[in-house]
Q: 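Let me give you the structure first, and then I'll get to my questions.
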There are 2 protein chains.
Amino acid sequence: MTENILKKLNEIHPITSEGRAVFLPLLESVTIEQKEFLIRQGEKAQYVYILLDGAVRVFYNKDGNEYNKTFFVSNTFPTPITALLSNTNCELSFEALLPCKLVRFSYKKFRSLFEEHRCFESLMLRIMENLWIKKERHDIRMVTNDATTNYKIFKEEFPGLENQIPQYHIASYLGITPVQLSRIRAQLIKSRPN
Amino acid sequence: MTENILKKLNEIHPITSEGRAVFLPLLESVTIEQKEFLIRQGEKAQYVYILLDGAVRVFYNKDGNEYNKTFFVSNTFPTPITALLSNTNCELSFEALLPCKLVRFSYKKFRSLFEEHRCFESLMLRIMENLWIKKERHDIRMVTNDATTNYKIFKEEFPGLENQIPQYHIASYLGITPVQLSRIRAQLIKSRPN
DNA sequence: TTAATTTATTAACCTATGTTAATGTACAGT
DNA sequence: ACTGTACATTAACATAGGTTAATAAATTAA
């Protein structure tokens, strides 16, 4: 299981065998129930998470309204990056939408490996770069489209997720109301019955 | 001038004196006229830019429509990061809104310094981290607001820029039409005459 | 300075989406 | 099986923002 994780990291950037040796002991398995939180808005962040199974939503709460920012599915990293990097209180909440199996490790301990094991710093740079690339492409897609198109993109981006979570979470992610999403769905079914 | 740049980079992450020695020769001064491009959508990217004076807009062109994604003002980096990192054709265009003075350097040559001068890899990681933090905070602000609020945020974020560029560029940035921006401005003036 | 061009404002009308509320459906607990 | 709760759909109406077009203002060219 943890070997599997190292293998994936190694594809992003090669990890030395000494690196492996000091990294593996940092890993901890975690499972959480549906509706439990990895972290809540306002808390300090400690951990980097790797999601092995389940789904997580990330949302921002303002004046009692929740705005879903993104979802995480298997083999992604539902991690409060900004809070970890800047060591500030987390501005987002990470909530399990399904029962989740995860692996986590302390970001602080991980960071302390950089000095001696340069491969981890290089790895981190690669990860940030990949994040940036993905985020920019996602933004470009979303900005130029209407809600109907973005709903289709959501279904491509998170295949199958639609049937596992309430529609109002999807609506919030799309920046529309559940009512409007329902109208969009009705219209799609009418025009292209599938 | 170039010493000034090194000083700023040094604040982000310390650069060794050997690092300075190999980095400085990479720098080139560039000036461009209003409406000239640093790079156009579809082109390959080569350079990292540092904007000393002027303003640049970044936009995405889709079906003949332009969507302003962001602006760059003095002392920022109007650089096609994704295109450089992934060595793909640039998905965005960078256009001077005012006459610009810049410094640029080859990303490829910069990258080739990493192996021998670790400080540049660390610097790059810091830059990516800062970018991410800034982007996430910006996104959170924008997502939860209406166009009127975002217009106010734009004025805070880019002080003075409003009076130097056409309003339709601001409207595009806000995701609304120039007509709607004009209505918003009229309403703001009526309610709070300033 | 005048004319031409570009940009901003305003008005009339249209559409997508928000709001509220009623109804329908599905699942969970007893 | 019944009941309650949560969720989705639908309808009626309200509103922000889009579209088009006319006009006004500002900038640029002659």
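Lettering follows sequence order; numbering is per chain, from 1. As the structure is a prediction and not an experimental result, all values here were calculated from the model. No hydrogens, no waters, no symmetry mates; every other heavy atom, side chains included, goes into these values.
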Q: The side chain of B:A186 is closest to which nucleotide in this list: C:dT10, C:dA8, C:dT17?
A: C:dT10
Q: Can any side-chain N or O of B:Q34 pair as donor or acceptor with the backbone N or O of B:L97 at less than 3.5 Å?
A: yes
Q: Looking at A:R141 and A:E157, does any basic side-chain N land under 4.0 Å from a carboxylate oxygen?
A: no
Q: Could you give the start and end, 5' to 3', of the contact zone on DNA chain D for chain B, using atoms under 4.0 Å from its heavy atoms?
A: D:dG17 to D:dT20
Q: Assign the ring pair A:Y173 / A:H138 to parallel, tilted or perpendicular, where the plane angle (0 to 90°) is split at 30° and 60°.
A: tilted
Q: Which residue lies toward the 5' end of DNA chain D, B:I176 or A:Q180, if each is placed at its nearest nucleotide?
A: A:Q180
Q: Among C:dT17, C:dT19, C:dA11, which is the nearest nucleotide to the side chain of A:V179?
A: C:dT19
Q: Please list, chain by chain and in numerical order, all residues satisfying ring pair (Phe, Tyr, Trp, His ring centres under 6.0 Å) with B:Y67, sequence neighbours excluded.
A: none
Q: Anything under 30° is parallel, anything over 60° is perpendicular, the rest tilted; go ahead and classify B:H117 against B:F120.
A: perpendicular
Q: Would you indicate what A:R185 reaches in the nucleic acid, counting non-hydrogen atoms under 4.0 angstrom: base, sugar-phosphate, or nothing?
A: sugar-phosphate
Q: Tell me the interatomic distance from A:Y67, atom OH, to C:dG18, atom C1', rounded to whole angstroms.
A: 12 Å
Q: Please work out if A:Q167 contacts a base, only the sugar-phosphate, or nothing of the nucleic acid, heavy-atom cut-off 4.0 Å.
A: sugar-phosphate
Q: Given atom OH of A:Y151 and atom P of C:dT17, what is their separation to the nearest angstrom?
A: 14 Å
Q: Please report the distance, rounded to the nearest Å, between CG in A:N145 and P in C:dA16.
A: 15 Å
Q: Does C:dG18 have its OP1 or OP2 closer than 4.0 Å to a side-chain nitrogen or oxygen of A:T177?
A: yes
Q: Within a strict 4.5 Å, meaning less than it, do heavy atoms of the B:K155 and B:Y151 side chains meet?
A: yes
Q: Any side-chain donor paired with an acceptor under 3.5 Å for A:N75 and A:K8?
A: yes
Q: Return the 5'-most residue of the pair B:H169, B:R183 with respect to DNA chain C, ranking by each residue's nearest nucleotide.
A: B:H169
Q: What is the distance from CG of B:L97 to P of C:dT6, rounded to the nearest Å?
A: 17 Å
Q: Which whole-number value in Å describes the distance from A:D146 CG to C:dG18 P?
A: 13 Å
